[in-house]
Asker: 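Dropping a structure here in C-alpha cells format, bear with me for questions.
Basis for what follows: all heavy atoms, side chains included, without hydrogens, waters or symmetry-related copies.
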Amino acid sequence: MRVIQLSQRQMEILELIHKQAPITGEQIAEQLGVSRPTIRSDLSLLVMLGHINAKPKVGYFPNQSFREEQASGLKLKVKQVQSMPVIVRKTATVGDAVVALFVDNVGGLVVADEEGMLLGVISPKDLLKVTLGNPAAASMPVSLVMTRKPQLVTVTPDDDVIEAARKMAENQVDMLPVVVPHENGSDTPSLEVVGRISKTTMTKVLLDAARKW
C-alpha cells in the first residue's frame, strides 16, 4: 500500500483540529493566515484519508477510530514479535562469544545455565572493552565480562512492545532478553529465557505501523 506523505500545511491543519476541535474551515484558515479556498483541497484530502471528519455547521474534528487503528500497530505484545535468543553458557570463552555475535548477527548474547535460566547478557561493547589491547582476552570465560543481576534489563512475553522500546532507550541497550519468572524459594525468582527483542525488531514494528498510517 502506498503511503501518502502529508505536507507541512496539512500537518499544521491536523494539529489545529486535534487541539481545537470542533473548528471550522474559516477558523483554520484564519489561524494559518491564508484564505479558506487555499486550504479546501487540504481539508478534502485529510477527510478522504480518514484523518478527520466533518459535520455541516459544526466543523472539523479528529477521526477517533482512525487514531485507534493507528495506535493498534503499536499495541503489540513482546511475544508477538520476539525472536529466538542466541545463548552461550558461562563456560564459553570471549572468543566463542565474538564468533557467535557475528555469525548470528545479533545485538547481544544471552548467557544461560543448562536449564535455560538467565545468568547474564553480553553486548558488543562488553566484548570490545575486554578485547582491545588484551591478547589473552579470547580465552577468558564470558562470566568475567557479562552484565549480571541486578543490572540486567529484561522484558516478559506479555509486556507491551512500547515498554520494551522504553527500556531500550532508557538503558541504552540494543537487545533485551525475554524471560518468564519462576519462583525458586528465594527473594529473587529465576528467569527462564524464552526469546529476545532487539532494536532491529523495534524498527520493523515501527515501519509496519507507519505503512498502516
Asker: Which is it for Q80 and V161 under the side chain to side chain contact (heavy atoms under 4.5 Å, CB included) test, yes or no, and what are the steps along the way?
Answerer: CA-CA 9 Å; Q80 295 176 263; V161 167; over 6 Å; no
Asker: Kindly compute the distance separating OG (S83) from CG (D104), expressed to the nearest 0.5 Å.
Answerer: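 Reported value, rounded in 0.5 Å steps: 11.5 Å.
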Asker: Going through the distances and angles, do S198 and T201 end up as a side chain to side chain donor-acceptor pair (under 3.5 Å)?
Answerer: CA-CA 5 Å; S198 65; T201 304; 3.2 Å; yes
Asker: Could you report the tightest heavy-atom contact between I197 and A164, atom names first, then the distance?
Answerer: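 Closest heavy-atom pair between I197 and A164: CD1-CB, 4.1 Å.
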Asker: Evaluate the side-chain proximity of V130 to L144: yes if any heavy-atom separation is below 4.5 Å, no if none is.
Answerer: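 They are not in contact (no side-chain heavy atoms under 4.5 Å apart), so the answer is no.
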Asker: So if you build clusters from Ile, Leu, Val, Met, Phe, Trp, Tyr with side-chain heavy-atom gaps below 4.5 Å, do V86 and V94 land together?
Answerer: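 Shared cluster, yes.
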Asker: Do L14 and M48 sit in one hydrophobic cluster, given that two such residues count as connected whenever their side-chain heavy atoms are within less than 4.5 Å of each other, even indirectly?
Answerer: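 In one cluster: yes.
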Asker: Determine whether V110 and L191 fall in the same hydrophobic cluster, where Ile, Leu, Val, Met, Phe, Trp and Tyr are linked whenever their side-chain heavy atoms lie under 4.5 Å apart.
Answerer: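 Both belong to a single hydrophobic cluster.
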Asker: Any side-chain heavy-atom pair from N63 and I52 closer than 4.5 angstrom?
Answerer: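 No, every pair of side-chain atoms sits at 4.5 Å or beyond.
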Asker: Check step by step if side chain to side chain donor-acceptor pair (under 3.5 Å) holds for T156 and D158.
Answerer: CA-CA 5 Å; T156 71; D158 290 321; 5.6 Å; no
Asker: Answer yes or no: are there more than 12 heavy-atom neighbours, outside Q172 itself, under 6.0 Å from its atom CD?
Answerer: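 Not more than 12 within 6.0 Å, no.
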Asker: Looking at D42 and L46, would you say the former's side chain and the latter's main chain have a donor-acceptor pair under 3.5 Å?
Answerer: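 Such a contact is absent between D42 side chain and L46 backbone.
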Asker: Going by heavy atoms in the side chains, are I23 and Q31 under 4.5 Å from each other?
Answerer: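 They are in side-chain contact.
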Asker: For side chain to side chain contact (heavy atoms under 4.5 Å, CB included), just list the numbers for M117 and N184, CA-CA rounded to whole Å, side-chain angles, deciding distance to a tenth of an Å, and then say yes or no.
Answerer: CA-CA 11 Å; M117 298 300 172; N184 56 17; over 6 Å; no
Asker: Would you say M146 and D126 make side-chain contact, with heavy atoms under 4.5 Å?
Answerer: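 Heavy-atom side-chain distance check fails, nothing below 4.5 Å.
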Asker: Considering non-hydrogen atoms only, spot the tightest contact between P124 and G107 and give its length.
Answerer: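 It is CD-O, 3.2 Å.
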Asker: How close do R89 and V111 get, counting heavy atoms only, and between which atoms?
Answerer: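 In this case the closest contact between R89 and V111 is C-CG1, 4.0 Å.
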Asker: Give the cluster check for F61 versus I28: same hydrophobic cluster or not, with ILVMFWY residues linked at side-chain heavy-atom distances below 4.5 Å.
Answerer: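 No; I28 is not reachable from F61 via cluster members.
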Asker: Within a reach of under 6.0 Å around CD of E30, are more than 12 heavy atoms found that belong to other residues, nucleotides or ligands?
Answerer: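 Count not over threshold, so no.
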Asker: Set out, in order, the CA-CA distance, both residues' side-chain angles and the distance that settles side chain to side chain contact (heavy atoms under 4.5 Å, CB included) for R36 and L43, then state yes or no.
Answerer: CA-CA 10 Å; R36 175 67 174 83; L43 291 168; 3.8 Å; yes
Asker: Are the side chains of V78 and P157 in contact, using a 4.5 Å heavy-atom criterion?
Answerer: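 Counting from C-beta outward, P157 and V78 never come under 4.5 Å.
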Asker: Look up atom OG1 in T24 and atom OH in Y60, then write down how far apart they are to the nearest 0.5 Å.
Answerer: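 Interatomic distance, T24 OG1 to Y60 OH, rounded to 0.5 Å: 9.0 Å.
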Asker: Taking all heavy atoms of M202 and all of M168, pick out the closest pair and write down the distance.
Answerer: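 Nearest heavy atoms, M202 then M168: CG-SD, 4.0 Å.
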Asker: Is there a side-chain contact between P177 and V121, using heavy atoms and a 4.5 Å cut-off?
Answerer: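 P177 vs V121: side chains touch.
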Asker: With side chains defined as the heavy atoms from C-beta onward, is the minimum distance between K167 and L176 less than 4.5 Å?
Answerer: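 Counting from C-beta outward, K167 and L176 do come under 4.5 Å.
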Asker: If every non-hydrogen atom of A92 is compared with every non-hydrogen atom of V88, which pair is closest and at what distance?
Answerer: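 Where A92 meets V88 most closely, the heavy atoms are CB-CB, 4.2 Å.
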Asker: For H51 and I17, what are the C-alpha separation, side-chain angles and deciding distance, and is it a side chain to side chain contact (heavy atoms under 4.5 Å, CB included)?
Answerer: CA-CA 10 Å; H51 289 281; I17 293 173; over 6 Å; no
Asker: For the atom pair OG (S35) and CZ (R40), what is the distance rounded to the nearest 0.5 Å?
Answerer: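 So the gap between those two atoms works out to 8.5 Å.
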Asker: When rounded to the nearest 0.5 angstrom, what distance separates NZ in K55 from NZ in K57?
Answerer: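 Output value for this atom pair is 14.0 Å.
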Asker: When you look at R166 and E163, which way does the salt bridge (Lys or Arg N to Asp or Glu O under 4.0 Å) test go after all the steps?
Answerer: CA-CA 5 Å; R166 183 190 65 78; E163 174 64 11; 2.5 Å; yes
Asker: Other residues, nucleotides and ligands only: do more than 12 of their heavy atoms fall within 6.0 Å of NZ on K149?
Answerer: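 Counting neighbours around NZ of K149, more than 12 heavy atoms of other residues, nucleotides or ligands fall under 6.0 Å, so yes.
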Asker: Could you tell me whether the side chain of M140 reaches within less than 4.5 Å of the side chain of N134, counting heavy atoms only?
Answerer: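 Counting from C-beta outward, N134 and M140 do come under 4.5 Å.
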Asker: With a 4.0 Å cut-off, would you call D160 and K77 a salt bridge?
Answerer: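 Between K77 and D160 there is a salt bridge, with a charged N closer than 4.0 Å to a carboxylate O.
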Asker: Between R196 and Q82, is there a donor-acceptor pair closer than 3.5 Å when you use the side chain of the first and the backbone of the second?
Answerer: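 Not at all, since once roles are kept as given, no pair shorter than 3.5 Å links the two residues.
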Asker: Working to the nearest 0.5 angstrom, can you tell me the gap between I13 CD1 and I39 CD1?
Answerer: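 If I round to the nearest 0.5 Å, the distance is 5.0 Å.
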Asker: Within a 6.0 Å radius of atom CD on E115, are there more than 12 heavy atoms belonging to other residues, nucleotides or ligands?
Answerer: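 Counting other residues, nucleotides and ligands, CD of E115 stays at 12 neighbours or fewer.
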Asker: Can you hop from M84 to V178 via hydrophobic side chains spaced under 4.5 Å?
Answerer: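 Different clusters.
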Asker: Identify the two heavy atoms, one from T131 and one from A137, that lie closest to each other, and give their separation to 0.1 Å.
Answerer: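 The answer is CA-CB, 3.8 Å.
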Asker: Return the CG to CG distance between D159 and L76, rounded to the nearest 0.5 Å.
Answerer: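 Taking CG in D159 and CG in L76, the distance rounds to 13.0 Å.
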Asker: Check for a donor-acceptor pair, side chain of K90 on one end and backbone N or O of D113 on the other, with a separation under 3.5 Å.
Answerer: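 Judged by distance alone, no pair lies under 3.5 Å.
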